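Worksheet for the structure shown next.
Remember, it's 1-based here, ligands and their atoms both numbered in the order they're listed. What you see is a predicted model; the values in this text were computed from it and never measured.
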Amino acid sequence: MTSNALFDNTETAFQLKSDSELERAYFLFKMISKEPLVKIGSAVTKFALNLNLPVEGLIRSTVFDHFCGGVNESDCMPSVDRLFDVGVASVLDFSVEGKETEAQFDATADKVIELTKFAKNKEAMPFSVFKPSGFGKFKVWQKITENQELTDEENDQWKKIEIRYERVVKEAHAAGISLLIDAEESWMQDAADELCERMMEKYNKEAPIVFNTLQCYRWDRLEYLKKIHQRAKAKGFKLGFKIVRGAYMEKENERALENGYKTPICVSKKATDDNFNEVMKYIMDNLEDIELFIGTHNESSTYIAMDMMEEDGISRSDSRVWFGQLYGMSDHITFNLGEEGYNVAKYIPFGPVKDVMPYLIRRAEENTSVAGQTSRELTLLKKEKARRKL
Ligand SMILES: Cc1cc2nc3c(=O)[nH]c(=O)nc-3n(C[C@H](O)[C@H](O)[C@H](O)COP(=O)(O)OP(=O)(O)OC[C@H]3O[C@@H](n4cnc5c(N)ncnc54)[C@H](O)[C@@H]3O)c2cc1C
């Protein structure tokens, strides 16, 4: 069994943070632990940015610099290098959201291709990443998922989405870089899953280049995984999955209630946790067909994963198992895993301040709602501050 004290090592956890960065992190988590403050702060920030008020500097020196690598990929490179020096890989995530025009979707796909080429032959950057809604209108994904008929214009937009996927996946395949595709709201996800599976069938013949994401707060995901596994075996292609709990729980539950259908979300946190661990176990037991990227800040799931690896004789550096956390969060997990020789990566979001705001607000809200995690971050930061004083 793995020692459950590994993640308490704050010296390793915060080795890359200067004293002032440590202070800023403490201040920031203290602020976002207060729900009313996050609500007001988010609203005021949106308002100020829409009016072009000069708040970018303030955002940059606080939340932005803590949770993002910069406004472009070159800004992120010093962080990528520093992380790699201590055994942690990077996944550069062009996190602009809320774009709606075809030209913007093309620009996002071009950016992912550019990043993929950039990452080629760089050991520090083994993955590329994108969100389905970054490549096409949400409405189009949703209408296909709901089996609604598309207008001629939407049909055109869908074809363009398919072309963007094909271009990006082809590039990743040529570069030998795995591509992690995020999962989003359930009412658009079937279309994304179906398109992703087509890409897997075509490009995952020898190795899993294309990874989809399983949101384990959805009670139907284990069943989905077992079925796609059967299809992949029958047709002879490999699978790759990032597993996460899921980021849209409130929205999902509200929509299900409003529209009178059964929520796709597990009945409780415990049920989500169990589902996450079962999905993880299923993949660990089938690593010859499915590669795994465990995206979580949950210590218990991470310890369970480490134990599963040990019990099954999977080496810590087995290239088929990766762990991942978001930049600015759960450094105690990331850096201690890196130190112990596990494959671990940080998702580093970047983009213009205004465009990454939805991402930042989600992080702040998540840290508010996941009260346990924020207080854990605070406890560890406090412990490290005290250790350094000594
Ligand atoms: C590298 C990485 C990549 C990610 N990619 C994606 C992605 O593609 N798509 C996406 O949606 N999210 C993604 N996320 C976010 C992720 O889904 C979670 O929101 C976040 O990581 C918090 O979950 P946790 O596993 O860290 O652990 P915890 O803090 O233990 O779990 C919190 C989560 O548990 C679930 N939960 C909480 N309360 C309940 C309840 N009452 N009933 C049922 N379930 C409950 C919710 O999903 C909540 O977010 C990613 C996270 C990481 C670290």
Side-chain angles (χ1 to χ4, degrees), residues 7 33 67 83 88-93 95 97 126-135 178-189 192-193 196 210-221 240-254 256-257 262-277 279-280 292-305 321-334 337 343-349 358-377:
F7 300 142
S33 66
F67 289 111
L83 288 166
V88 177
S90 295
V91 184
L92 293 197
D93 184 5
S95 298
E97 293 183 23
F127 298 98
S128 278
V129 62
F130 72 88
K131 277 174 109 63
S133 64
F135 279 15
S178 296
L179 197 54
L180 302 167
I181 305 179
D182 284 354
E184 301 180 68
E185 290 87 343
S186 62
W187 53 98
M188 60 75 69
Q189 193 59 42
D193 289 344
C196 184
V210 183
F211 279 60
N212 203 357
T213 298
L214 297 170
Q215 295 158 309
C216 301
Y217 64 11
R218 285 183 57 169
W219 45 261
D220 65 352
R221 292 296 86 177
F241 281 108
K242 163 158 63 92
I243 64 167
V244 299
R245 280 179 170 73
Y248 309 95
M249 182 179 73
E250 283 85 7
K251 255 170 131 178
E252 291 281 357
N253 283 333
E254 273 165 26
L257 196 67
K262 183 177 174 189
T263 176
I265 306 298
C266 294
V267 291
S268 63
K269 173 71 162 69
K270 161 100 178 43
T272 293
D273 292 346
D274 291 346
N275 199 36
F276 185 94
N277 296 336
V279 166
M280 188 158 76
L292 175 62
F293 187 105
I294 306 165
T296 187
H297 301 140
N298 182 297
E299 291 179 33
S300 163
S301 291
T302 310
Y303 282 129
I304 291 172
V321 182
W322 277 82
F323 293 85
Q325 289 78 42
L326 306 178
Y327 190 71
M329 290 171 74
S330 294
D331 286 349
H332 60 297
I333 299 182
T334 312
L337 282 175
N343 295 315
V344 61
K346 277 286 197 206
Y347 258 49
I348 309 186
Y359 173 88
L360 288 175
I361 290 171
R362 257 208 322 283
R363 292 293 74 82
E365 285 171 353
E366 180 178 282
N367 279 287
T368 304
S369 59
V370 191
Q373 254 180 41
T374 307
S375 62
R376 177 81 170 130
E377 296 271 7

Using a strict 4.0 Å cut-off to heavy atoms of Asp182, name the atoms of ligand 1 that fall inside it.
8 (O)
Has the side chain of Gln215 got a donor or acceptor atom that lies under 3.5 Å from a matching backbone atom of Glu184?
yes
Backbone or side chain, does any N or O of Asp273 fall under 3.5 Å from an N or O of ligand 1?
no
Which is it for Met329 and ligand 1 at heavy atoms under 4.0 Å: side chain, backbone, both or neither?
neither
Would you find a donor on one side and an acceptor on the other, under 3.5 Å apart, between the side chain of Gln325 and the backbone of Gly295?
no
Out of Glu252, Arg245, Lys269, whose heavy atom sits nearest atom 36 (N) of ligand 1?
Lys269
Is the contact between Thr296 and ligand 1 made by the side chain, the backbone, both, or neither, using heavy atoms and a 4.0 Å cut-off?
both
Do any nitrogen or oxygen atoms of Tyr217 come within less than 3.5 Å of a nitrogen or oxygen of ligand 1?
no
Does Tyr327 have any ring pair (Phe, Tyr, Trp, His ring centres under 6.0 Å) partners at least two apart in sequence or in another chain, and if so, which?
none
Atom 29 (O) of ligand 1: of Gln373, Gln189, Arg376, the nearest heavy atom sits on Gln373
Which is closest to atom 48 (C) of ligand 1 by heavy-atom distance: Pro132, Ser300, Gly246, Ser330?
Gly246
Are Phe293 and Phe323 close enough that their ring centres sit under 6.0 Å apart?
no
Evaluate the salt bridge (Lys or Arg N to Asp or Glu O under 4.0 Å) criterion for residues Glu252 and Arg218: first the C-alpha distance (whole Å), next the side-chain angles of each, then the deciding distance (0.1 Å), finally the verdict.
CA-CA 10 Å; Glu252 291 281 357; Arg218 285 183 57 169; 6.0 Å; no
Apply salt bridge (Lys or Arg N to Asp or Glu O under 4.0 Å) to the pair Asp93 and Lys131, showing each step before the final yes or no.
CA-CA 9 Å; Asp93 184 5; Lys131 277 174 109 63; over 6 Å; no
Contact check: Ala183 vs ligand 1, nitrogen or oxygen atoms, below 3.5 angstrom
yes
Closest heavy-atom pair and its distance - Arg245, Ser301:
NH2-OG, 2.8 Å
With a cutoff of 4.0 Å, is Glu184 in contact with ligand 1, counting heavy atoms of the residue only?
no
Once you round to the nearest 0.5 Å, how far does SG of Cys196 lie from CD of Gln189?
9.0 Å
Return yes if a side-chain donor-acceptor contact under 3.5 Å exists between Glu377 and His332, otherwise no.
no
Atoms of ligand 1 close to Gln215 [distance to a heavy atom under 4.0 angstrom, numbered from 1]:
10 (C), 11 (O)
Go through ligand 1 atom by atom and flag the ones less than 4.0 Å from a non-hydrogen atom of Ser268.
40 (C), 42 (N), 43 (C), 44 (N)
Close N or O approach (Arg363, ligand 1; < 3.5 Å)
no
Taking both backbone and side-chain atoms of Gln325, is any N or O found less than 3.5 Å from an N or O belonging to ligand 1?
no
Sub-4.0 Å atoms of ligand 1 with respect to non-hydrogen atoms of Gly324
1 (C), 53 (C)
Quick check on contacts: which atoms of ligand 1 are under 4.0 angstrom from a heavy atom of Tyr248?
11 (O)
Which atoms of ligand 1 have any heavy atom of Met249 under 4.0 Å away?
36 (N), 37 (C), 38 (N), 39 (C), 40 (C), 42 (N), 43 (C), 44 (N), 45 (C)
Using a plain distance cutoff, I'd like to know if Val244 has any nitrogen or oxygen under 3.5 Å from a nitrogen or oxygen of ligand 1.
no
Quick one: does Tyr347 get an N or O within less than 3.5 Å of an N or O on ligand 1?
no
Under 3.5 Å donor-acceptor, Thr263 side chain and Ile265 backbone:
yes
Not counting sequence neighbours, which residues clear side-chain contact (heavy atoms from CB on, under 4.5 Å) with Lys270? List them please.
Ser268, Asp274
Provide the number and element of each atom of ligand 1 under 4.0 Å from a heavy atom of Cys266.
42 (N), 43 (C)
Tell me, please, whether Trp219 has Lys262 positioned over its six-membered ring: NZ or CZ under 6.0 Å from the ring centre and within 45 degrees of its axis?
yes
